[in-house]
Amino acid sequence: MSATTTESTGPQLKKALSQRQLRMIAIGGVIGAGLFVGSGVVMADTGPGAFITYALSGVLIIMVMRMLAEMAVAKPSTGSFADYSRDALGEWAGFSVGWLYWYFWVIVVGFEAIAGAKIVQYWIDIPLWLCALIFMVLMTATNLFSVRSYGEFEFWFAGIKVAAILVFIAIGACFVLGLWPGTSMDFSNLTRHGGFLPLGAGVITVGIVTVIFSMVGPEIATIAAAESSDPERAVAKAANSVIWRILIFYVCSVFLLVTIVPWNDHELEGSPFVAAFTQMGIPYADHIMNAVVLSAVLSCLNSGMYTASRMLFVLSARSEAPDRLMHLNRRGVPANAILFSSIVGFACIIAAAFAEDTIFAFLLNSSGAIILFVYILIAVSHIVLRYRNRDSELTLKMWLFPVLSILTTVAMLAILVQMSFDEKLRSQLLLSLLSWGVVLVLFFVAKRFVERRHKAEARR
């Protein structure tokens, strides 16, 4: 299965993504809807120093992406981190990473569909569940049609997000520097309302827990690269560009937000970008940003469906999921894996419509810390594989190995510890650990089943 690993010989995913599409997937993958909405919560909980929280979170994402890129360039794979964890730590790790990552994204798919429906309700009076289902059907159809159609949709969705942030940075910089009509240079909001860190320096690290989840997505480029004609080049470019992407899209934009709008302004509870555009006198700011946020939500929904289906495809190829999920249609798309993932997404929407405070809340909390589990396993796998293959020729390497790799792992473990002390986040950590426990039980059950099947076949 060359699209999955170089050693396999199963169905091959079609290499139909262009470099143009991959480039935009890599650029837009780091920009989640959380930046446009969730950044207001971080600013209110941190103060003007919120951009430091984004910078520290960005460093962790950059380190993980660099470690993943080193492994992906050395051995391109559709289910890259699951395969690397399997090679480094054993079958249980590959099984855990694959299923946990799949679970995380199918929950995100359902959540983003609901979020998109809420945005549409700003303009049209339509039942929330119906609008969410329409979005799910559209994105499922897009992914089923071909990988090229996924890439093209993502190209334009990501393009809108990128363009919106670049326009904001350009206008915001002019406003802050006094180049905007009727303004003068003004950075007073950084210190005027209680100081630079009015709630204390400790809140900077507390905010990392929230921020790091809004940055999830750059690793999608390493999965999509396996369906391109030149995966090594695509992964290397994605890894090298993630630094300036986080610096510009997150750190720079949040710095401008806290400079333009006071950190304790109640309007930040909605979208801080709307508050900033309104402060600068831009007409129809709410409509403009709602359209941008909708494109960001659809981008996340589109990518979530793609990522979940590819991880299921890999799990099936490793006999860690039903064989039928490995089936490809005539266009080289894992149709059954896409449909299975969309069914779970539909279930999340139904849960949100009829049991938002119980089942849906449980699903969200049970996936809250999963991405950190996956990132930690990626980091540990990288350390193990690097020590194991000391003499191998690597064209792309992790910086200052092993120091930065170990520090990154310790930092992510520290975030989990911090979650255990935070009353708001403790339930997410505990329920996510429960999810991992369930996955490990399923691993041993599946392993026992496969062993029995092999013994039965051997007797025949």
Side-chain angles (χ1 to χ4, degrees), residues 3-4 13-14 16-17 21-22 24-34 61 64-65 68-69 72 76-85 94 96-113 135-136 139-140 142-144 146-151 153-155 157-158 213-228 231 234-235 238 242 296-317 321 325-326 333-345 348 367 370-371 373-375 377-378:
T4 308
L13 295 171
K14 191 173 182 180
L17 288 175
Q21 292 169 336
L22 273 172
M24 192 56 77
I25 289 170
I27 293 173
V30 78
I31 309 171
I61 295 292
V64 172
M65 188 64 182
L68 180 56
S77 166
T78 300
S80 52
F81 15 104
D83 284 337
Y84 306 143
S85 294
S96 294
V97 168
W99 278 108
L100 287 175
Y101 197 68
W102 173 83
Y103 181 64
F104 172 81
W105 277 110
V106 291
I107 299 301
V108 167
V109 162
F111 176 78
E112 295 294 345
F135 283 145
M136 279 291 297
M139 292 302 100
T140 301
T142 298
N143 276 269
L144 281 173
S146 70
V147 67
R148 186 177 292 277
S149 65
Y150 153 74
F153 267 76
E154 188 58 22
F155 176 85
F157 286 149
F213 296 124
S214 71
M215 292 185 175
V216 172
E219 71 281 350
I220 293 175
T222 66
I223 296 176
E227 293 183 67
S228 71
V235 169
V242 74
V297 165
L298 293 178
S299 170
C300 192
L301 177 54
N302 192 35
S303 289
M305 186 71 69
Y306 170 84
T307 307
S309 66
R310 270 36 178 199
M311 196 57 78
L312 265 190
F313 175 82
V314 172
L315 287 166
S316 179
L325 297 176
M326 195 168 45
V333 171
N336 290 348
I338 293 171
L339 289 173
F340 183 74
S341 299
S342 67
I343 288 171
V344 178
C348 290
S367 64
I370 279 178
I371 198 64
F373 298 161
V374 172
Y375 281 175
L377 286 172
I378 289 173

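Only heavy atoms go into these numbers, but all of them, side chains included; no hydrogens, no water, no symmetry mates. Because the structure is predicted, anything quoted here is derived from the model rather than measured. Starting from 1, each residue takes its place in the sequence as its number.
Residues Ser367 and Phe111 form no side-chain contact, since every pair of their non-hydrogen atoms from C-beta on lies 4.5 Å or further apart.
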Problem set entry | Chi angles and distances behind the side-chain contact (heavy atoms from CB on, under 4.5 Å) call for Ile338, Arg310 | CA-CA 8 Å; Ile338 293 171; Arg310 270 36 178 199; 4.0 Å; yes
Exercise. So Ile107 and Cys348, side-chain contact (heavy atoms from CB on, under 4.5 Å) or not? Walk me through it.
Worked result: CA-CA 7 Å; Ile107 299 301; Cys348 290; 3.6 Å; yes
Problem set entry | Candidate pair Leu68 and Tyr84, rule side-chain contact (heavy atoms from CB on, under 4.5 Å), full reasoning | CA-CA 9 Å; Leu68 180 56; Tyr84 306 143; 4.2 Å; yes
Exercise. side-chain contact (heavy atoms from CB on, under 4.5 Å) between Leu339 and Leu144: does it pass, once the steps are laid out?
Worked result: CA-CA 8 Å; Leu339 289 173; Leu144 281 173; 3.8 Å; yes
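Taken to the nearest 0.5 Å, the CZ atom of Phe157 stands 11.5 Å off from the SG atom of Cys300.
The side chain to side chain donor-acceptor pair (under 3.5 Å) search around Trp102 returns Ser341, not counting sequence neighbours. Annotation: side chain to side chain donor-acceptor pair (under 3.5 Å) contacts of Ser309 (sequence neighbours excluded): none. Not counting sequence neighbours, Thr307 has no partner by the side chain to side chain donor-acceptor pair (under 3.5 Å) test. With sequence neighbours left out, the ring-ring contact (aromatic ring centres under 6.0 Å, His included) criterion links Tyr103 to no other residue. Every residue meeting the side chain to side chain contact (heavy atoms under 4.5 Å, CB included) condition with Thr142, not counting sequence neighbours, appears here in chain and number order: Met139, Ser149, Phe153, Asn302. Checked against side chain to side chain donor-acceptor pair (under 3.5 Å), Tyr375 has the following partners two or more places apart in sequence or in another chain: Glu219. In this structure, the side chain to side chain contact (heavy atoms under 4.5 Å, CB included) partners of Ser316, at least two apart in sequence or on a different chain, are Ala321, Leu325, Met326. In terms of the side chain to side chain contact (heavy atoms under 4.5 Å, CB included) criterion, residue partners of Phe135 (sequence neighbours excluded) are, by chain and number, Val120, Cys131, Leu294, Leu298, Leu301. Residues satisfying the ring-ring contact (aromatic ring centres under 6.0 Å, His included) criterion with Phe155, sequence neighbours excluded, are absent altogether.
For the residue pair Val333 and Val147, the shortest heavy atom distance occurs at CG2-N, 3.7 Å. Annotation for Gly98 and Met311: closest pair O-CG, 3.2 Å, computed over non-hydrogen atoms. Among all heavy-atom pairs drawn from Met136 and Ser342, the shortest one is CE-O, 3.4 Å.
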